[in-house]
There are 2 protein chains.
Amino acid sequence: MTQHDNVGHDVETGLIDADAQVESFRQTRNNRRTELVEDYVELIADLLVDGGEARQVDIAQRLGVAQPTVAKMLKRLISEGYIQQRRYRGIFLTDAGRRLADLCRERHQIVESFLCSIGVSPETARIDAEGMEHHASPETLEAFKRFLARTASSRIAAQG
Amino acid sequence: MTQHDNVGHDVETGLIDADAQVESFRQTRNNRRTELVEDYVELIADLLVDGGEARQVDIAQRLGVAQPTVAKMLKRLISEGYIQQRRYRGIFLTDAGRRLADLCRERHQIVESFLCSIGVSPETARIDAEGMEHHASPETLEAFKRFLARTASSRIAAQG
DNA sequence: GAAATAATATAGCTAAGGCTATTTTTCAAT
DNA sequence: ATTGAAAAATAGCCTTAGCTATATTATTTC
Ligand SMILES: [Mn+2]
Ligand SMILES: [Mn+2]
Ligand SMILES: [Mn+2]
Ligand SMILES: [Mn+2]
């Protein structure tokens with residue numbers, strides 16, 4: 001078997017198709033570039049819902065990073081149009097920010113629930129979902145949702 | 001409900017426990033710091049098995065990055081003890097490198113197979129697994145394996 | 001309203017991970 | 001043995017994401 005005559009993946013020994021592999025790596029690098037933005041926007045939305053305001057110190061404390069780190073990222077979020085900031089006032093989401101936050105929150109929730117549904121403990125599901133969510137494509141999310149719906153209905157059928 | 005009286009997650013409205021959340025974010029940041037190392041070592045192992053040698057140009061071509069990018073990362077892999085390099089000769093894995101490669105390859109395979117098993121297309125499974133694998137904990141991998149074993153045996157039971 | 005406190009901003013550093021352009025070295029062919 | 005091509009190394013640049021230390025600005029409190 002040469003390096004060039006297999007299109008799918010070859011579990012045992014060979015390499016997968018080079019074009020396919022480079023596509024995967026590129027997509028993964030792309031996802032990595034937006035992970036932090038997504039986590040910030042989702043967290044800001046949660047803080048706003050819960051307490052009415054999102055301050056840098058709260059964000060920093062919840063992320064486990066220093067306040068200047070947050071300050072810098074907020075500038076990026078502003079430049080990308082997801083938030084507005086009034087100096088020494090709080091952080092507010094733009095329409096685009098709210099849209100992104102909603103998407104991320106739903107995606108996060110699906111991934112975390114799914115992990116729980118296959119028997120992962122809530123603590124581990126929480127941790128793993130925080131990283132995995134950013135790499136779950138719409139197609140994978142649909143599969144997760146199908147699975148959740150199926151197990152939910154079979155639970156109902158089984159126990160009334 | 002205040003910000004401080006919920007220990008688990010609260011799907012609908014509130015924030016999860018701050019200590020729990022910071023633990024998730026920290027673990028995710030940790031995983032991110034080793035993602036690339038894992039992908040490199042896994043890829044090098046595959047290239048060595050397939051062609052007997054792993055050259056910078058091959059690695060660069062498969063990852064979709066420039067050759068100097070690979071050269072720099074290889075220095076990191078050397079400094080972390082995963083590979084050896086003979087100037088203008090190829091790349092070789094150390095014992096630690098081989099161990100890491102084996103772990104990563106198995107983990108990657110489990111994640112990709114699992115995604116396929118719940119109905120994700122092979123192409124999407126390939127792409128999503130490339131990113132998700134690095135955030136799948138041992139506990140989650142066990143759950144994936146259990147699921148794979150269960151569906152495999154139920155296939156056998158169903159169709160003979 | 002002045003002082004103390006809290007929040008934010010800023011300066012300046014590091015490391016990782018990317019790039020292009022160029023030089024050096026090795027390998028293959030003639 | 002020389003040359004030409006390929007591979008690797010190096011130089012120099014950028015962005016992101018973290019840090020500490022310090023300055024500035026708001027907000028409370030007295
Ligand atoms: Mn999230
Ligand atoms: Mn996340
Ligand atoms: Mn991999
Ligand atoms: Mn990967």
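Per chain, numbering begins at 1; letters A, B, ... match sequence-line order. Hydrogens, waters and symmetry mates are skipped; everything else that's a heavy atom, side chains included, is used.
Remark: A:Tyr40 pairs with no residue by the ring pair (Phe, Tyr, Trp, His ring centres under 6.0 Å) rule, at least two apart or across chains. Under the side chain to side chain contact (heavy atoms under 4.5 Å, CB included) criterion, A:Ala54 pairs with A:Ile44, A:Leu47, A:Leu48, A:Ile91, sequence neighbours left out. Applying the side chain to side chain donor-acceptor pair (under 3.5 Å) test to A:Glu139 and every residue at least two apart in sequence or in another chain returns B:Ser121, B:Thr124. Applying the side chain to side chain donor-acceptor pair (under 3.5 Å) rule to B:Glu23 yields the partners A:Arg126; only residues at least two apart in sequence or on another chain are considered. Qualifying salt bridge (Lys or Arg N to Asp or Glu O under 4.0 Å) partners for B:Arg98, counting only residues two or more places apart in sequence or in other chains: B:Asp95. Scanning for ring pair (Phe, Tyr, Trp, His ring centres under 6.0 Å) contacts around B:His134 gives an empty result, with sequence neighbours left out.
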* To do: Start with the C-alpha gap between A:Arg105 and A:Leu100, add the side-chain angles, then the distance that decides, and say whether side chain to side chain contact (heavy atoms under 4.5 Å, CB included) holds.
  => CA-CA 8 Å; A:Arg105 189 161 25 195; A:Leu100 181 59; over 6 Å; no
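Listed by first and then second residue, the ring pair (Phe, Tyr, Trp, His ring centres under 6.0 Å) pairs involving residues 44-92 of chain A amount to none (not counting sequence neighbours). For the side-chain hydrogen bond (donor to acceptor under 3.5 Å, both in side chains) condition, the pairs that include at least one residue of residues 67-77 of chain A, sequence neighbours left out, are A:Gln56-A:Gln67, A:Arg76-A:Glu80.
Residue B:Leu63 contributes atom CG, which lies 12 Å from atom P of C:dG17 at whole-angstrom precision.
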Give the table of side-chain donor-acceptor pairs shorter than 3.5 Å for residues 142-151 of chain A, with sequence neighbours excluded, one pair per line with atom names and distance.
from	atom 1	to	atom 2	distance (Å)
A:Glu142	OE2	A:Lys145	NZ	3.3
A:Thr151	OG1	A:Phe147	O	3.2
A:Thr151	OG1	A:Leu148	O	3.1

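At the phosphate of C:dG17, neither OP1 nor OP2 sits under 4.0 Å from any side-chain N or O atom of B:Thr69.
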* Where protein sits on nucleotides 3-15 of chain C, one letter per nucleotide: B base, S sugar-phosphate only, - none, heavy atoms under 4.0 Å -> ----BBBB-----
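Contacts between residues 22-44 of chain B and DNA chain D, counted as heavy-atom distances below 4.0 Å, involve B:Arg29.
Nucleotides of DNA chain D lying under 4.0 Å from heavy atoms of chain B occupy a range whose first and last members, 5' to 3', are D:dA7 to D:dG18.
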